[in-house]
Amino acid sequence: MNVDLLARPAEEVAPELLGSVLTCTTSEGTVSIAITETEAYSGAADPASHAYRGRTPRNTVMFGPAGHLYVYRSHGLHWCANIVTGTDGIASAVLIRAGRVIKGEHLASRRRGERVESARLARGPGNFCQALGITAEHNGADLLTGTSVMLSEGEPARAALIQAGPRVGVSKAHDWLHRFYLAGDPTVSAYRLSPRAKPTTGA
């Protein structure tokens, strides 16, 4: 994966990440997941972004450079993984919402639960991280030259299958069409509108 492909606005990178592969190696083994769903988040211009109000200790990785992993805790329960994009110094990242396990399914299944069907192992951002083994220790990891977590090119997604829609679960700017996914893919998460969401002007 070339850093130049990531050093662009999140909404441009997000659809192009579909089909790319994230691989995480821990003491338990290696799991690789092909990305099937993403969401783009920028900085000061995006009310739903963690960086909307500026840099903080929590979001500092979002400000670059591109090609690093931004990991945060969602609702105190689940880890979520974002691929940092854009220009160094300007916050921009793509949330990985779902994927298809292509290597290490046995390990992913053990982490998620033996009764979880294959299509649901990495369906949803929290499940994606759990299946892959991503935790806080991976925050800031270099995805292009690192060893524990790596981003690589996979089988390119067919353009005809790529769909755009509103973002999931956010109350602000939820109707921006910055969610990208492979239509008809069983690993893609279900759309849910936040009960706190209000109509906004699309971007």
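As the structure is a computational prediction, the values presented were derived from the model and not from experiment. Computed from heavy atoms alone, side chains included, the values below leave out hydrogens, waters and symmetry copies.
Closest non-hydrogen pair, C80 versus L95, comes out as CB-CD1, 4.0 Å. The two atoms that bring P9 and S92 nearest to each other are C-OG, 4.1 Å, heavy atoms only. Across T26 and G133, no two heavy atoms sit closer than the pair CG2-O, 4.2 Å. What you find for T135 and V71 is that their closest heavy atoms are O-CG1, 3.7 Å. Heavy atoms only, all atoms of each residue included: S189 and G124 are closest at CB-N, 4.0 Å. Minimum heavy-atom separation, A66 to G86: CB-O, 3.7 Å.
Atom CE of M150 and atom SG of C24 lie 9.0 Å apart (nearest 0.5 Å). To the nearest 0.5 angstrom, T36 atom OG1 is 11.5 Å from I162 atom CD1. L69 contributes atom CG, which lies 7.0 Å from atom CG of N139 (distance to the nearest 0.5 angstrom). For the atom pair CG of L177 and CD of E11, the computed distance is 11.5 Å after rounding to the nearest 0.5 Å. The distance from the OG atom of S118 to the CZ atom of R112 is 11.5 Å, given to the nearest 0.5 Å. Put simply, CG on L6 and OG1 on T85 are 7.5 Å apart, with the number rounded to the nearest 0.5 Å.
Hydrophobic clustering of Ile, Leu, Val, Met, Phe, Trp and Tyr side chains at less than 4.5 Å, counting indirect connections, unites I134 with I33. Residues I96 and W176 do not share a hydrophobic cluster, defined by chaining ILVMFWY side chains whose heavy atoms lie under 4.5 Å apart. Linking ILVMFWY residues whenever their side-chain heavy atoms come closer than 4.5 Å, directly or via other members, leaves L18 and V188 in distinct clusters. Hydrophobic clustering (side-chain heavy atoms under 4.5 Å, transitive across Ile, Leu, Val, Met, Phe, Trp, Tyr) groups L144 together with V94. Follow the hydrophobic side-chain contacts under 4.5 Å out from V31 and you reach I83 in the same cluster.
A distance-only check finds no donor-acceptor pair linking the side chain of D46 to the backbone of Y41 [under 3.5 Å]. Judged by distance alone, with hydrogens and angles left aside, the side-chain atoms of N59 form a donor-acceptor pair with the main-chain N or O of G54 at under 3.5 Å. Of the possible donor and acceptor atoms, one in the side chain of R167 sits under 3.5 Å from a partner among the backbone N and O of A173. Between the side chain of S32 and the main chain of T23, no donor-acceptor pair closer than 3.5 Å is present.
Residue pairs meeting the salt bridge (charged side-chain N to carboxylate O under 4.0 Å, His left out) criterion with at least one partner in residues 16-27, sequence neighbours excluded, are R8-E16.
For the side chain to side chain donor-acceptor pair (under 3.5 Å) with E37, the qualifying choice from R123, R97, Q163 is R97, the only one to do so.
Side-chain atoms of S49 and S42 form no donor-acceptor pair, as typed in the model, at a separation below 3.5 Å.
Between H178 and F180, the ring planes lie parallel to each other; the angle is under 30°, not in the 30° to 60° tilted range.
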